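Predicted model, so just to flag it, every value in this text is computed and none were measured. Scope of the values below: all heavy atoms of this structure, side chains included, with no hydrogens, waters or symmetry mates.
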Amino acid sequence: MITLTYERSDAWAPQHIKEFIRLCRQYSQRRGHPFPYVWVAEMQKRGAIHYHVMIWLPRGVRLPKPDRQGWWKHGMSRIEKARSVGYL
C-alpha cells in the first residue's frame with residue numbers, strides 16, 4: 001500500500017493521482033506484471049487530501065519510492081505492506 005501526501009494543502013489537482021497511476025502502471029507493465037489497484041482519497045485534519053493506493057504485485061516485486069522516483073512531486077510518499085484491504 002502506498003500513501004501519497006501533499007506537502008501543501010492547496011496543491012491538489014485531479015490529474016495528480018491519474019498521472020501517478022499511469023507511471024506505476026507503465027513501470028509494472030514494462031516488467032511484464034499486471035497492475036491491479038484501487039485507490040481512495042482521504043481528507044486530513046489540516047485540510048489536505050492524501051491518497052491510499054493498494055497495488056497487488058507478484059511476491060518479491062517492489063515499486064520504487066514514488067517521491068524519490070519523481071512519480072509524486074507534490075509531497076511525500078510511504079510504502080508499506082498491507083495485511084488486508086480492510087483499511088481502505
- Between the CE atom in M1 and the CE atom in M54, the distance rounded to the nearest 0.5 Å is 6.0 Å
- Which pair of heavy atoms, one from Q44 and one from I49, lies closest together, and at what distance? OE1-O, 4.4 Å
- Note on the structure: Between L57 and P34 the two heavy atoms that sit nearest each other are CD2-O, 4.4 Å
- So do Y37 and R25 actually touch side chain to side chain, heavy atoms under 4.5 Å? yes
- Starting at CE of M43, measure out to OG of S9 and round the result to the nearest 0.5 Å. 9.5 Å
- Is it true that atom CZ of R68 has more than 12 heavy atoms of other residues, nucleotides or ligands lying nearer than 6.0 Å? no
- Those residues at least two apart in sequence (or on a different chain) that pass side chain to side chain donor-acceptor pair (under 3.5 Å) with E19 are R22
- Message: Would you call the rings of H74 and H16 parallel, tilted or perpendicular, taking 30° and 60° as the class edges?
- Response: parallel
- Item | Nearest heavy-atom neighbours spanning W72 and T5 | NE1-O, 3.1 Å
- Query: Can you hop from L23 to W12 via hydrophobic side chains spaced under 4.5 Å?
  - Reply: yes
- Note on the structure: Heavy-atom nearest pair, F35 first then S28, reads CD1-CB, 3.8 Å
- Message: To the nearest 0.5 Å, what is the distance between CG on D67 and CD1 on I2?
- Response: 10.5 Å
- Query: Around R62, counting heavy atoms of other residues, nucleotides and ligands shown, do more than 12 lie under 6.0 Å from its CZ?
  - Reply: no
- Could you tell me whether the side chain of F20 reaches within less than 4.5 Å of the side chain of V53, counting heavy atoms only? yes
- Item | Non-hydrogen atoms of L63 and I79 that approach each other most closely | O-CD1, 3.7 Å
- For this output row, return yes or no: ring centroids of Y27 and W71 closer than 6.0 angstrom. yes
- Task: Could you tell me whether a side-chain N or O of K65 sits under 3.5 Å from a main-chain N or O of S77, the two making a donor and an acceptor?
- Result: yes
- Task: Apply side chain to side chain contact (heavy atoms under 4.5 Å, CB included) to the pair V61 and R31, showing each step before the final yes or no.
- Result: CA-CA 10 Å; V61 175; R31 285 152 182 79; over 6 Å; no
- Task: Treat each ILVMFWY residue as a node, draw an edge where side-chain heavy atoms are under 4.5 Å apart, and state whether I17 and M76 are in one component.
- Result: no
- Enclosure of E7 CD (heavy-atom neighbours >12, cutoff 6.0 Å): no
- Message: Evaluate V38 against W56 for side chain to side chain contact (heavy atoms under 4.5 Å, CB included), listing each step before the verdict.
- Response: CA-CA 9 Å; V38 64; W56 288 265; 3.9 Å; yes
